[in-house]
Amino acid sequence: MTHSAVNLTAFSAEQIRKEFPILQTRVNGKPLIYLDNAATAQKPGVVIDRMNDYYRNENANVHRGIHTLSQQATTDYESTRKKVQAFIHAADEEEIIFTSGTTESINLVASTFARTILKPGDEILISAMEHHSNIVPWQMILEEKGGVLKVIPINDNGELILDELDSLLSSKTKLVAVSHMSNTLGTINPVKEIIKAAHEKGIPVLVDAAQSIPHFPVDVQDLDCDFLAFSGHKLFGPTGIGILYGKKALLDTLPPYHGGGDMIKTVTFEKTTYNDLPFRLEAGTPNIAAGIGLGSAIDYVNSIDWKSAVAWEHELLTYTTEKMLEVPGLRIIGTAANKGSVISFVMKSAHASDIGMILDQEGIAIRTGHHCTQPLMKRFGVPATARASFAFYNTKEDADALIRGLLKINDLFG
Ligand code: C6P
């Protein structure tokens, strides 16, 4: 992705951050500096207000009621499906399935698609940098079916070693599941290339877009992915709502996921017939407020200058990386050539949890630990890292405060 053509002076993170109420607050007596966006992003006021408005003025169940409020709630909730379709450029509205988040989206594919097709000895291919959500559901179904998990290795920069892809894609491979952007390393993976290679052998691909979706445009038709999963809460929307995109031809073949209301056409004690897509895969009352909130978050993201936002995050990444490399004893884990705005690091002077605690006293929120990527920690020979992750509302002043905090840690522990 090129960033040079964008006029960054016209993009004002200072202006944008005013729209996020929590970014005006103080933590431990200091102005909040929020650098834990990979865990969850903050929500603009419009999203919070929209959800409040639903509960105050519109609250009703969806898809069921003939009364005005239910009709209104259904229209508003379903409008999010259309917004998501446009946002990721899906060919059909029925390809958008509401779930509770990335984790549930992946589990849905494991419980339906993988459960149907896997035979003993079959393989699922993932990568060495996957989040536990894109490892464990596959392990569970492979254990049940007697299959094998295969892993694309990574180099010391945290980039996939794609030379090995061809030999890893065998006649036994039934699915490839790979992250678009690593939550721990920031690496942006060449998923389009992986999808092309897998498709040449007739193998479908699931993309874990939990981290990519808030940072750059994702076009499912351009990628040609078969499934794609993401969470609303990382896209400046609420928790409890996520998306599974699937190609219609594939989704049509899936058995139901959960049984219950909304996913049926007719029920008798002898036999149940199932609803059409997308409802067949969405049993029970959904998280209506969160669905409506996600629609509002997509409207919000569509209203900002996306190209400049992408470029600004890249600028923040470069700026912060350069300054961090000047901090004595600090090592960055994840130095891929193509990286999103996530920086994992370790320090000689302090353990990751100490780094997190000292920064917290300064009002700076980062994440510490294994980031739900324990195999990746093992690969890099570290028990944990500290991780600063940026969104377009972060500023260079935020980065400067982080660096001051890290230097203070060296003074305290060094
Ligand atoms: N990563 C992080 O701090 P859920 O929890 O379902 O919204 O998302 C799971 C998930 C799946 N894949 C990737 C690449 C992710 O980064 C995450 C969530 C957060 O890194 C919380 S562990």
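Just so you know, ligand 1 is whichever comes first in the structure, and atom 1 is the first atom listed for that ligand. The basis for the numbers below is simple: all heavy atoms, side chains too, and nothing from hydrogens, waters or symmetry mates.
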Quick check on ligand 1: any N or O pairs to the protein under 3.5 Å? One line per pair.
{"residue": "ligand 1", "atom": "1 (N)", "partner": "His131", "partner atom": "NE2", "Å": "3.4"}
{"residue": "ligand 1", "atom": "1 (N)", "partner": "Lys234", "partner atom": "NZ", "Å": "3.0"}
{"residue": "ligand 1", "atom": "3 (O)", "partner": "Arg367", "partner atom": "NH1", "Å": "2.5"}
{"residue": "ligand 1", "atom": "3 (O)", "partner": "Arg387", "partner atom": "NH1", "Å": "3.4"}
{"residue": "ligand 1", "atom": "3 (O)", "partner": "Arg387", "partner atom": "NH2", "Å": "2.8"}
{"residue": "ligand 1", "atom": "6 (O)", "partner": "Thr102", "partner atom": "N", "Å": "3.4"}
{"residue": "ligand 1", "atom": "6 (O)", "partner": "Thr103", "partner atom": "N", "Å": "2.9"}
{"residue": "ligand 1", "atom": "6 (O)", "partner": "Thr103", "partner atom": "OG1", "Å": "2.6"}
{"residue": "ligand 1", "atom": "7 (O)", "partner": "Ser231", "partner atom": "OG", "Å": "2.7"}
{"residue": "ligand 1", "atom": "7 (O)", "partner": "His233", "partner atom": "NE2", "Å": "2.7"}
{"residue": "ligand 1", "atom": "12 (N)", "partner": "Asp208", "partner atom": "OD1", "Å": "3.3"}
{"residue": "ligand 1", "atom": "12 (N)", "partner": "Asp208", "partner atom": "OD2", "Å": "2.6"}
{"residue": "ligand 1", "atom": "16 (O)", "partner": "Gln211", "partner atom": "NE2", "Å": "2.7"}
{"residue": "ligand 1", "atom": "20 (O)", "partner": "Asn183", "partner atom": "ND2", "Å": "2.8"}
{"residue": "ligand 1", "atom": "20 (O)", "partner": "Arg387", "partner atom": "NH1", "Å": "2.8"}

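- A salt bridge is absent between Asp400 and Arg404: the closest approach of a Lys/Arg side-chain nitrogen to an acidic carboxylate oxygen does not fall below 4.0 angstrom.
- Counting only residues at least two apart or in different chains, side chain to side chain donor-acceptor pair (under 3.5 Å) contacts with residues 281-294 comprise Asn61-Thr285, Arg81-Glu282.
- The closest donor-acceptor contact from the side chain of Asp219 to the backbone of Gln221 lies under 3.5 Å.
- Here Asp156 pairs with Arg379 in a salt bridge; the nearest charged N to carboxylate O distance falls below 4.0 Å.
- Ion pairing of Asp76 with Arg50 is present here, as a side-chain N (NZ or NE/NH1/NH2) and a carboxylate O approach within less than 4.0 Å.
- Relative ring orientation between Phe392 and Phe11 is described as perpendicular, the plane-to-plane angle rising above 60° on a 0-90° scale split at 30° and 60°.
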